[in-house]
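Following: one structure in structure tokens, then a few remarks.
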Amino acid sequence: MSDSTPSTPATGAKTMATAMRTDLCGTLRAEHEGTTVTVCGWVDRRREHGEHLAFIDLRDYTGIVQAVVDGNHDMRVEYVARITGTVAARPADTANPDLPTGEIELRDCEVEILSIAEPPPFPMDERTGVDETIRLRHRYVDMRKARMQRNLRTRAKVNSAVRGAMEEQGFVEIETPMLIASTPEGARDFVVPSRQKPGNFYALPQSPQIFKQLCMVGGIDRYYQIARCMRDEDLRADRQFEFMQLDAEASFVTQEDVFEFISHAVREATEAVTGERPGEIPHMTWNDAMERFGSDKPDTRFGMELVNLTDLFAETEFNAFKAERIMGIRLEGGAELSRNKLDDLTDMVKRWGGKGLVWMKVEDDKSLNSPVAKFCSESELTGIVERLEAEPGDICFLVADRLRRTQHLLGLLRVELGRPPVTEGGFNFLWVVDFPLFEEINEDGKPIPLHHPFTMPHPDDVDLLNTAEGEELLEVRSQSYDLVLNGWELGSGSVRIHRSDIQSRIFEMLGIGAEEAQLKFGFLLDAFKYGAPPHAGFAFGLDRLTALLAGEENIREVIAFPKTQSGGDPLTQAPTPVADAHLEELGLRVLPPAE
RNA sequence: GGUCCUGUGGUGCAGUUUGGAGUGCACGCCGCCCUGUCAAGGCGGAGGUCGCGAGUUCAAAUCUCGUCAGGACCGCCA
């Protein structure tokens with residue numbers, strides 16, 4: 001446990017002494033020499049030297065301390081013990097400089113076994129990786145290790161810092177319900193059957209969105225909550241069914257105010273964990289993010305930016321390059337990639353939905369070595385080298401496709417080829433601003449909103465909104481924004497529509513009639529009739545922020561009891577069937593499994 | 001919904017390409033020895049339905065198909 005960094009409990013307790021112990025194992029030092037202490041913990045290791053001498057490393061969350069006992073104690077690994085002894089300097093030349101407690105040991109020990117234990121289901125040392133399912137099945141043992149101790153305590157620090165930052169800025173903590181009405185928008189809802197009204201269901205909240213807006217109508221002015229959110233969508237390294245968000249909303253603000261509030265919170269959290277305060281968080285427009293990084297959540301820790309080559313190929317003879325958009329990226333030193341590897345990358349791009357991937361290796365004379373070079377003109381080839389600023393030994397990758405797909409594919413490829421490990425490159429927060437209001441135009445010619453239909457259009461685009469038709473509507477920007485950290489979307493927010501004339505116009509454009517709007521969002525629209533302040537808000541994922549700050553590439557590592565990718569809990573076996581009588585009471589019947 | 005990877009004593013691996021007796025390594029576990037170790041050391045020992053099921057074969061951990069579990073990603077996640 002040498003890398004544990006505890007001693008300051010997140011609770012802010014003044015002492016961790018109890019009726020059973022005086023000190024924590026990892027906190028004893030030479031300055032305690034001569035004092036008699038009592039420590040409690042788990043046996044980390046025993047080293048026996050016959051019946052007269054044995055060393056016991058006793059472990060708690062702060063680290064380990066060596067106790068010198070005689071060899072007659074039957075103390076095995078993970079036994080829980082209470083040891084009272086005198087803190088003494090170790091004999092000359094036996095100090096262990098690798099251990100914070102390495103200068104001292106406990107002597108004349110009185111040992112009390114509090115619990116015996118079976119051997120742990122996996123090695124307790126941190127050197128060998130253990131299958132995650134086995135760790136999760138025995139999470140209570142896994143949690144004893146330094147990694148989980150560190151991560152869960154980091155998480156508590158993040159929560160605490162974020163909470164403090166919001167309080168400091170005058171935000172009021174309001175708890176919103178977990179059993180709410182299902183809304184058809186957004187992610188798939190988790191649903192809870194109602195016993196009192198069989199056939200009816202509550203939904204678990206995907207976010208407190210509606211309620212926080214109601215709080216604004218209610219004059220709360222600045223609301224926040226550390227909220228559990230539930231979405232029944234497929235799991236990933238950065239996604240669990242249930243996750244925690246810092247959810248906030250404020251009245252009489254612009255998006256700049258929101259940036260201030262939230263930036264403060266994440267900078268406080270970062271400082272609390274790393275000890276270093278991040279600088280001002282830069283802004284980037286959504287359009288720039290897509291053009292330069294091919295992603296709305298760009299990882300700005302590294303370059304390899306996308307370069308637009310479309311005009312170079314305006315009159316190309318090469319059919320594959322007769323596309324709406326041609327872009328390229330350059331991988332430094334990539335010319336040494338094997339043909340096998342390049343084939344793998346091409347397959348990958350095809351799996352992502354691309355038609356293919358063109359690669360061009362830069363030779364010593366800056367000519368391009370590529371299977372498709374013969375289809376390109378001299379000026380096209382030299383143009384590629386110039387635009388991508390390619391040097392001998394580099395490789396250029398080109399994709400030609402529809403605009404969005406070209407950006408998307410190269411954005412994925414860029415991350416695949418260039419992304420640094422999670423622990424490198426620092427913490428590059430980024431505000432992505434000016435998201436488009438609409439994602440696409442459906443077959444009926446109606447626009448589909450990128451966020452929810454209450455997102456305020458960009459003030460400069462209101463005229464466009466009123467005049468644009470068809471594809472032009474995609475140019476309309478909104479007052480919505482994302483916070484990104486090292487290529488992960490931490491969260492998003494927007495300025496909300498509080499004026500019924502604008503809201504009606506948006507509903508009309510979306511093809512949502514007055515009746516439908518009333519049915520779906522009636523209670524919110526009703527509330528707005530009674531005096532809605534201009535308001536805006538944000539929410540960001542605490543699991544994701546914690547994972548990145550802890551140097552983990554998987555949020556399961558910062559969650560005490562996470563689910564596997566298929567949504568199961570190896571510890572409790574959830575989800576499980578329920579008794580027929582229970583279903584009966586709820587008015588439910590389970591269908592036979594679909595063929 | 002899809003693509004890819006993985007599954008071998010308690011744990012982590014090798015063995016699978018090219019079929020030939022459950023073969024090997026490290027850690028752990030059990031017993032004995034050991035008075036200064038700290039990833040202690042020495043000696044001895046136990047422990048496996050090679051995820052599961054079919055198929056091919058004289059013969060399958062190894063090849064084929066299916067299935068289950070886990071992971072990464074695409075779709076999805078307003």
Side-chain angles (χ1 to χ4, degrees), chain A residues 2 44-58 64-71 76-78 90-99 101-103 105 107 118-138 141-142 183-189 206-207 209-210 229-241 243 297 344 347-354 405 408-409 411-412 415-416 435 437-439 448-455 478 480 489 492-494 510 520-521 539 541 553-554 556 563-568 570:
Chain A
S2 54
D44 195 63
R45 238 178 212 102
R46 63 183 164 138
R47 293 176 292 280
E48 288 187 71
H49 295 259
E51 60 178 320
H52 298 292
L53 177 68
F55 299 100
I56 301 295
D57 289 338
L58 196 68
I64 60 174
V65 65
Q66 172 169 286
V68 186
V69 301
D70 67 49
R76 301 181 187 222
V77 164
E78 299 309 311
R90 294 193 185 187
D93 300 331
T94 63
N96 183 348
D98 297 331
L99 220 53
T101 59
E103 288 182 24
E105 62 192 11
R107 296 234 192 97
E118 289 184 14
F122 41 75
M124 292 301 287
D125 68 71
E126 311 270 339
R127 296 188 308 279
T128 41
V130 180
D131 180 80
E132 199 183 347
T133 316
I134 298 167
R135 290 176 55 205
L136 292 182
R137 188 171 301 138
H138 302 277
V141 178
D142 188 47
T183 53
E185 312 295 312
R188 203 176 283 116
D189 276 330
Q206 297 175 28
S207 86
Q209 182 65 37
I210 301 287
C229 305
M230 322 263 185
R231 293 178 191 172
D232 187 5
E233 295 292 343
D234 289 355
L235 275 38
R236 289 284 166 74
D238 61 351
R239 275 160 34 188
Q240 285 273 302
F241 284 150
F243 57 99
K297 45 179 182 180
D344 286 350
D347 287 346
M348 209 178 286
V349 168
K350 285 179 180 167
R351 268 186 263 122
W352 290 335
R405 196 195 306 249
H408 179 62
L409 295 174
L412 289 172
V415 166
E416 171 70 26
F435 272 67
L437 190 58
F438 304 115
E439 185 175 15
I448 300 169
L450 185 64
H451 290 290
H452 56 65
F454 312 113
T455 305
S478 65
S480 64
E489 179 192 323
S492 56
S494 61
L510 299 178
K520 282 181 174 173
F521 315 110
E553 47 201 7
N554 187 318
R556 294 188 299 272
K563 306 277 187 290
T564 65
Q565 200 168 75
S566 55

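In what follows, every chain begins at residue 1, and chains take the letters A, B, ... in the order their sequences are listed. All heavy atoms count here, side chains included; hydrogens, waters and symmetry mates do not.
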Original post:
Side chains of Arg231(A) and Phe243(A): does their closest heavy-atom pair fall under 4.5 Å?
Top reply: yes

Distance check: side-chain N/O of Arg127(A) vs OP1/OP2 of C13(B), anything under 4.0 Å? no

Any donor and acceptor pair, going by atom type alone, linking the side chain of Arg405(A) with main-chain N or O of Gly354(A) inside 3.5 Å?
no

If pairing means Watson-Crick or G-U wobble with both distances under 3.5 Å, then the partner of G41(B) is C33(B)

**Prompt:** Given the C1' atoms of U64(B) and A60(B), what is the spacing between them in whole Å?
**Reply:** 11 Å

As its Watson-Crick or G-U partner within any shown strand, both distances under 3.5 Å, A26(B) has U11(B)

In whole angstroms, the gap separating C1' of G10(B) from NE2 of His138(A) amounts to 10 Å

*asked:* Need one value for Leu450(A): base, sugar-phosphate or nothing, where a base atom within 4.0 Å counts as base even if backbone is also close, heavy atoms only.
replied: sugar-phosphate

What nitrogen or oxygen pairs link the protein and nucleotides 33-36 of chain B at under 3.5 Å?
| from | atom 1 | to | atom 2 | distance (Å) |
| --- | --- | --- | --- | --- |
| C34(B) | N3 | Glu48(A) | O | 3.3 |
| C34(B) | N3 | Gly50(A) | N | 3.3 |
| C34(B) | N4 | Gly50(A) | N | 3.4 |
| U35(B) | OP2 | His49(A) | O | 3.2 |
| G36(B) | N1 | Glu105(A) | OE2 | 3.0 |
| G36(B) | N2 | Glu105(A) | OE1 | 2.4 |
| G36(B) | N2 | Glu105(A) | OE2 | 3.3 |

Lys297(A) meets the salt bridge (Lys or Arg N to Asp or Glu O under 4.0 Å) criterion, sequence neighbours left out, with none

In whole angstroms, the gap separating P of C38(B) from CG of Asp125(A) amounts to 15 Å

Checking N1-N3 plus N6-O4 or O6-N4 for Watson-Crick, or N1-O2 and O6-N3 for wobble, each under 3.5 Å, the partner of U18(B) is none

Whole-Å distance, Met348(A) CE to C5(B) P, equals 11 Å

Sorted by chain and residue number, the side-chain hydrogen bond (donor to acceptor under 3.5 Å, both in side chains) partners of Asp238(A) (sequence neighbours excluded) come out as none

message = Between U62(B) and U37(B), how far apart are the two C1' atoms, rounded to whole Å?
response = 45 Å

Sorted by position of nearest nucleotide on RNA chain B, 5' first, the leading residue of Val77(A) and Pro453(A) is Val77(A)

Can you check the distance between C50(B) and A61(B), where both ends of the measurement are the C1' atom (answer in whole Å)?
4 Å

Phe438(A) CZ to A78(B) P, in whole Å, measures 17 Å

> When rounded to the nearest Å, what value does the distance between C1' atoms of C73(B) and A40(B) take?
Replying inline: 45 Å

Pick the C1' atom in A39(B) and in G20(B), then give their distance to the nearest Å.
-> 40 Å

For C52(B), the nucleotide meeting Watson-Crick or G-U wobble distances (both under 3.5 Å) is G66(B)

Partner of Asp57(A) under side-chain contact (heavy atoms from CB on, under 4.5 Å), picked from Val65(A), Asp44(A), Val77(A), is Asp44(A)

Hits for side-chain hydrogen bond (donor to acceptor under 3.5 Å, both in side chains) against Lys350(A), two or more places apart or cross-chain, chain-then-number order -> none

Asp44(A) CG to G28(B) C1', in whole Å, measures 14 Å

Where do N or O atoms of nucleotides 69-77 of chain B meet protein N or O atoms at under 3.5 Å, pair by pair?
| from | atom 1 | to | atom 2 | distance (Å) |
| --- | --- | --- | --- | --- |
| G70(B) | OP1 | Thr564(A) | OG1 | 3.1 |
| G70(B) | OP1 | Ser566(A) | OG | 3.1 |
| G70(B) | OP2 | Ser566(A) | OG | 2.6 |
| G71(B) | OP1 | Gln565(A) | N | 2.9 |
| G71(B) | OP2 | Gln565(A) | N | 2.7 |
| G71(B) | O3' | Arg556(A) | NH2 | 3.2 |
| A72(B) | OP1 | Asn554(A) | ND2 | 3.0 |
| A72(B) | OP1 | Arg556(A) | NH2 | 3.1 |
| A72(B) | OP2 | Gln565(A) | NE2 | 2.5 |
| A72(B) | N7 | Gln565(A) | OE1 | 3.3 |
| C73(B) | OP2 | Ala237(A) | N | 3.4 |
| C74(B) | OP2 | Arg236(A) | NH1 | 2.9 |
| C74(B) | N4 | Arg236(A) | NH2 | 2.9 |
| G75(B) | OP1 | His408(A) | NE2 | 3.1 |
| G75(B) | N7 | Arg236(A) | NH2 | 2.8 |
| G75(B) | O6 | Arg236(A) | NH2 | 2.8 |
| G75(B) | N1 | Asp234(A) | OD2 | 3.0 |
| C76(B) | O2' | Glu233(A) | OE1 | 2.9 |
| C76(B) | O2 | Arg239(A) | NH2 | 3.1 |
| C76(B) | N3 | Arg239(A) | NH1 | 3.0 |
| C76(B) | N3 | Arg239(A) | NH2 | 2.7 |
| C76(B) | N4 | Arg236(A) | NH1 | 3.3 |
| C76(B) | N4 | Arg239(A) | NH1 | 2.9 |
| C77(B) | O2 | Arg239(A) | NH1 | 3.3 |
| C77(B) | N3 | Arg239(A) | NH1 | 3.2 |

Applying ring-ring contact (aromatic ring centres under 6.0 Å, His included) to Phe55(A) and not counting sequence neighbours gives His49(A)

As its Watson-Crick or G-U partner within any shown strand, both distances under 3.5 Å, A78(B) has none

Determine the Euclidean distance between corresponding P atoms of G44(B) and G51(B); express it in Å to zero decimal places. 31 Å

Quiz prompt | Neighbour count above 12 (heavy atom, 6.0 Å) for Glu553(A) CD | solution = no

From CZ of Arg46(A) across to C1' of G28(B) the rounded distance in Å is 11 Å

Mate of A59(B) across any strand shown (Watson-Crick or G-U wobble, both atom pairs under 3.5 Å) is none

Problem - Rounded distance in Å between the P positions of U6(B) and G45(B) - result: 36 Å

CZ (Phe122(A)) and CD1 (Ile134(A)) are apart, to the nearest 0.5 Å, by 8.5 Å

Note to self: By the 4.0 Å heavy-atom rule, please label Ala92(A) as base, sugar-phosphate, or nothing.
What the structure shows: nothing

Item to check | Spacing of the C1' atoms in U8(B) and U16(B) (rounded, Å) | outcome: 11 Å

Requested in this report: Answer with yes or no whether Arg45(A) presents, from its side chain, a donor or acceptor under 3.5 Å of a partner atom in the base of A40(B).
Outcome: no

Checking N1-N3 plus N6-O4 or O6-N4 for Watson-Crick, or N1-O2 and O6-N3 for wobble, each under 3.5 Å, the partner of U3(B) is A72(B)

*Heavy-atom count around Glu489(A) CD within 6.0 Å, excluding the residue itself: above 12?*
yes

Residues Glu78(A), Arg76(A): salt bridge by 4.0 Å N-O rule: no

Discussion item. Looking at Arg239(A) and Glu233(A), is there a salt bridge between them, counting it only when a charged N and a carboxylate O are closer than 4.0 Å?
Written reply: no

Arg47(A) CZ to U37(B) P, in whole Å, measures 10 Å

Separation of A78(B) atom P from His451(A) atom NE2, nearest Å, is 9 Å

